[in-house]
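Down below is the structure, laid out as structure tokens.
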Amino acid sequence: MSLTVKEKNQVRLVFLGAAGVGKTSLIRRFLQDTFDPKHRRTVEELHSTEYDTAGGTEVKIEILDTSGSYEFPAMRKLSMQSGDAFVLVYAVDDPDSFENVKRLREEILEAKQDKSPPIVVVGNKKDEGTIQKVPWDEVLSTVEMEWNSRLLETSAKENFNVTEIFRVMLREVNLPSRLSPALRRRRETIPNDVSTKPPMSKTNSCSIC
């Protein structure tokens with residue numbers, strides 16, 4: 001499914017993946033440049049940022065952080081139906097998490113009625129010392145050759161390739177991958193979390209360049 005700024009000035013990016021693969025950590029690293037090694041269970045969190053692009057078009061980018069649990073199938077289906085583009089995250093040290101990505105992709109295609117929305121697959125936890133148990137060559141063949149999607153390896157912990165996820169996603173939905181740093185931007189965080197942790201603090205520092 002192809003989108004243009006003229007057709008849509010609001011884009012929702014949906015992060016999906018098994019529990020504990022680092023979806024929230026990737027988003028937190030991008031938005032706040034912080035990393036918390038403790039895993040906190042997330043049901044759903046919506047982050048919303050407004051940008052004026054270098055071309056003068058105002059774009060609202062929503063980032064939806066979803067639960068890795070299968071306890072909420074209706075919520076997961078709704079997030080797929082409402083999403084414009086998807087980031088499917090697995091952990092490079094957990095083969096089962098990539099099998100989960102395969103299932104999620106099929107669910108997305110079903111929810112979107114096979115319209116092939118933009119999908120980027122992310123192998124997270126590419127940290128120093130991590131034993132990679134998911135063969136890169138096999139994943140690359142599946143994702144890029146069979147699915148015709150982009151594949152990235154990242155580390156939220158070490159801030160490796162995190163911003164690249166969002167650069168790629170903006171290009172996939174035909175939005176400018178370079179957003180003017182001098183123009184107005186606003187971020188809001190709307191949490192819906194089973195834990196009692198406070199929402200991410202608002203900040204004015206976010207750029208994709």
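Predicted model, so just to flag it, every value in this text is computed and none were measured.
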Discussion item. Quick check on ring-ring contact (aromatic ring centres under 6.0 Å, His included): which of Tyr90, Phe166, Phe30 does Phe15 satisfy it with?
Written reply: Phe166

Worksheet item: Is any side-chain N of the basic residue among Glu107 and Arg105 closer than 4.0 Å to the acidic one's carboxylate O?
Response: no

Item to complete: Kindly compute the distance separating OG (Ser25) from CG (Asn159), expressed to the nearest 0.5 Å.
Response: 11.5 Å

Practice prompt. Give the C-alpha distance, both sets of side-chain angles, the deciding distance and a yes or no for side chain to side chain contact (heavy atoms under 4.5 Å, CB included) between Ser67 and Arg76.
Written response: CA-CA 8 Å; Ser67 172; Arg76 188 173 64 255; over 6 Å; no

Worksheet item: Taking the side chain as C-beta and beyond, is there a heavy-atom pair between Leu26 and Thr24 under 4.5 Å?
Response: no

Worksheet entry | pair Val168-Leu152: side-chain heavy atoms closer than 4.5 Å | yes

Worksheet item: Pick one: which of Leu64, Ile108, Ile63, Ile119 meets side-chain contact (heavy atoms from CB on, under 4.5 Å) with Val14?
Response: Leu64

Fill in: 4.5 Å side-chain heavy-atom contact, Ile27 and His47
yes

Would you tabulate the side-chain donor-acceptor contacts of residues 122-135 under 3.5 Å, counting partners in other chains and residues two or more places apart, or write 'none'?
| unit_1 | atom_1 | unit_2 | atom_2 | d |
| --- | --- | --- | --- | --- |
| Asn124 | OD1 | Thr154 | OG1 | 2.9 |
| Asn124 | OD1 | Ala156 | N | 3.2 |
| Asn124 | ND2 | Val21 | O | 2.9 |
| Lys125 | NZ | Gly20 | O | 2.5 |
| Lys126 | NZ | Gln132 | OE1 | 2.6 |
| Asp127 | OD1 | Ser155 | OG | 2.5 |
| Thr130 | OG1 | Lys125 | O | 3.4 |
| Thr130 | OG1 | Asp127 | O | 3.3 |
| Gln132 | NE2 | Val134 | O | 3.3 |
| Gln132 | NE2 | Glu153 | OE2 | 3.0 |

Worksheet item: Is there side-chain contact between Phe86 and Pro117, with heavy atoms separated by less than 4.5 Å?
Response: yes

Discussion item. When you compare the side chain of Val143 with that of Leu88, does any pair of heavy atoms fall below 4.5 Å?
Written reply: no

Discussion item. I'd like to check the side-chain contact (heavy atoms from CB on, under 4.5 Å) partners of Gln81; sequence neighbours left out, ordered by chain and number.
Written reply: Lys77, Leu78, Ala111

Worksheet entry | Any donor-acceptor N or O pair under 3.5 Å, side chains Ser82, Arg12 | yes

Worksheet item: Do Phe160 and Val162 belong to the same hydrophobic cluster, where Ile, Leu, Val, Met, Phe, Trp and Tyr are linked whenever their side-chain heavy atoms lie under 4.5 Å apart, directly or via other members?
Response: no

Item to complete: Evaluate the side-chain proximity of Arg29 to Asp33: yes if any heavy-atom separation is below 4.5 Å, no if none is.
Response: yes

Worksheet item: Is there a donor-acceptor pair closer than 3.5 Å between any side-chain N or O of Lys23 and the backbone N or O of Val89?
Response: no

Worksheet entry | Heavy-atom side-chain proximity of Ile165 to Thr163 below 4.5 angstrom | no

Discussion item. Please evaluate residues Lys60 and Thr49 with respect to the criterion side chain to side chain contact (heavy atoms under 4.5 Å, CB included), reporting the C-alpha separation (whole Å), side-chain torsions for both, the decisive distance (0.1 Å), and the verdict.
Written reply: CA-CA 6 Å; Lys60 182 178 181 180; Thr49 306; over 6 Å; no

Practice prompt. Decide, yes or no, whether a salt bridge links Glu106 with Arg103 under the criterion of side-chain N to carboxylate O below 4.0 Å.
Written response: no

Item to complete: Treat each ILVMFWY residue as a node, draw an edge where side-chain heavy atoms are under 4.5 Å apart, and state whether Val92 and Trp147 are in one component.
Response: yes

Practice prompt. May I ask you to test the Leu16-Met80 pair for a side-chain heavy-atom distance under 4.5 Å?
Written response: yes

